[in-house]
J.: 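Would you mind keeping the following structure in view while I ask a few things?
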Amino acid sequence: MQAGHLSRRSFLAAAASTSCLMTSRSLQAAPDFGGFTVGVQSYTFRNFDLEGMLKRTKQLGLKHAEFFSKHIPTDATPEKLTAILKLCKEYEVTPIGFGVSGFSKNHDANRKLFEFGKAIGANYLSADPSMDSFDSLDKLCEEYKIAIAIHPHGPVGKGRHQWWSAEVILKAVKDHHKLIGTCLDTGHLLRMEQLGEKLDPAEQIKLMGDRNFALHLKDYDNKKREDVPFGDPAGQLDVQAVLKALKCAKFTGHIAIEYEANPDDPAPDVKKCVTYLKNAAEKLC
């Protein structure tokens, strides 16, 4: 994903004009989620426009989102970005992250994405960086105080994604800026079983420790090869174990519920996920 043609000055202008609309990078821990900040990955509602996505997110009682490019384009003009953030405010859904974005050794292209992140008030950018990008990302994380949260994609084609596990990610980032870590995806971690790698999402979270900046929370049926709601008998995810691992890691980031099945009408299944997550959080206390 590229950041488009917005200049640094344009992004700063957009950020200034929207400062009264959004409190930059503010997290609101929800008491009904055990103190965790819970939202949605907007890709869940990829078959809807921005307002359709925001409407459904609000109906679910969620107040945060990690957005993807259909809902907040990285090449939006400052005027368009102002309108987008105004609509988010009207629906009481705060952009808290963005992605998944590619990063390379091209420092100028990387900077544009950080400028975009700053303009929308993002705490983190979920990311798929190349191995030669880290020198650039070290500098940008320090400058912008925005985290790079590397996102594993599990099986890809006949092989596996370069960032397929916490072990692989940690080895690559351990000597880099402390704001470079993960946005683990529990569904993609579970999918690795298709390649003979049985990963425990809770243990993967524990391994990353304070380098967990966000989480895509989903359950997965490896037989049907599709997402299922939390608690579904065909699923594998131990939601309570994941929450315990996050508590152990002193996680203060964003839990983004993501659901890739039933894209034309995912809300009923996501509602089941929200209810299940609340119940699991209650048992944790």
J.: Do Phe103 and Ile148 have side-chain heavy atoms sitting under 4.5 Å apart?
T.: yes
J.: Less than 4.5 Å apart, any side-chain heavy atom of Leu215 and any of Cys183?
T.: no
J.: Please confirm whether the ring centroid of His188 lies under 6.0 Å from the ring centroid of His151.
T.: yes
J.: Looking at the rings of Phe98 and Phe116, which for Trp means the six-membered one, are their centres under 6.0 Å apart?
T.: yes
J.: To the closest 0.5 Å, what do you measure between CD (Gln204) and CE (Met208)?
T.: 9.0 Å
J.: Strictly below 4.0 Å, N to O, side chains only: are Glu115 and Lys118 in salt-bridge contact?
T.: no
J.: May I ask you to test the Gln162-His153 pair for a side-chain heavy-atom distance under 4.5 Å?
T.: no
J.: Are Tyr144 and Phe114, when compared by the centres of their aromatic rings, separated by less than 6.0 Å?
T.: yes
J.: If every non-hydrogen atom of Ala172 is compared with every non-hydrogen atom of His176, which pair is closest and at what distance?
T.: O-CD2, 3.2 Å
J.: Answer yes or no on whether Lys63 is positioned over the face of Tyr91, meaning its NZ or CZ is under 6.0 Å from the six-membered ring centre and within 45° of the axis.
T.: no
J.: Flag this pair as yes if the NZ/CZ of Arg56 is under 6.0 angstrom from the six-membered ring centre of Phe48 and inside a 45 degree cone about the axis; otherwise no.
T.: yes
J.: Less than 4.0 angstrom from a charged side-chain N to a carboxylate O is my criterion; do Asp185 and Lys218 meet it?
T.: yes
J.: Please report the interatomic distance OG(Ser165) to CG(Leu184), rounded to the nearest 0.5 Å.
T.: 9.0 Å
J.: May I ask you to test the Tyr43-Glu260 pair for a side-chain heavy-atom distance under 4.5 Å?
T.: yes
J.: For the hydrophobic clusters of this structure (ILVMFWY residues joined by side-chain heavy atoms under 4.5 Å, transitively), does one cluster hold both Val274 and Phe45?
T.: yes
J.: Between CG of Leu85 and CD of Glu90, what distance do you get to the nearest 0.5 Å?
T.: 11.5 Å
J.: Would Val38 end up clustered with Met53 when hydrophobic side chains under 4.5 Å apart are linked, directly or stepwise?
T.: yes
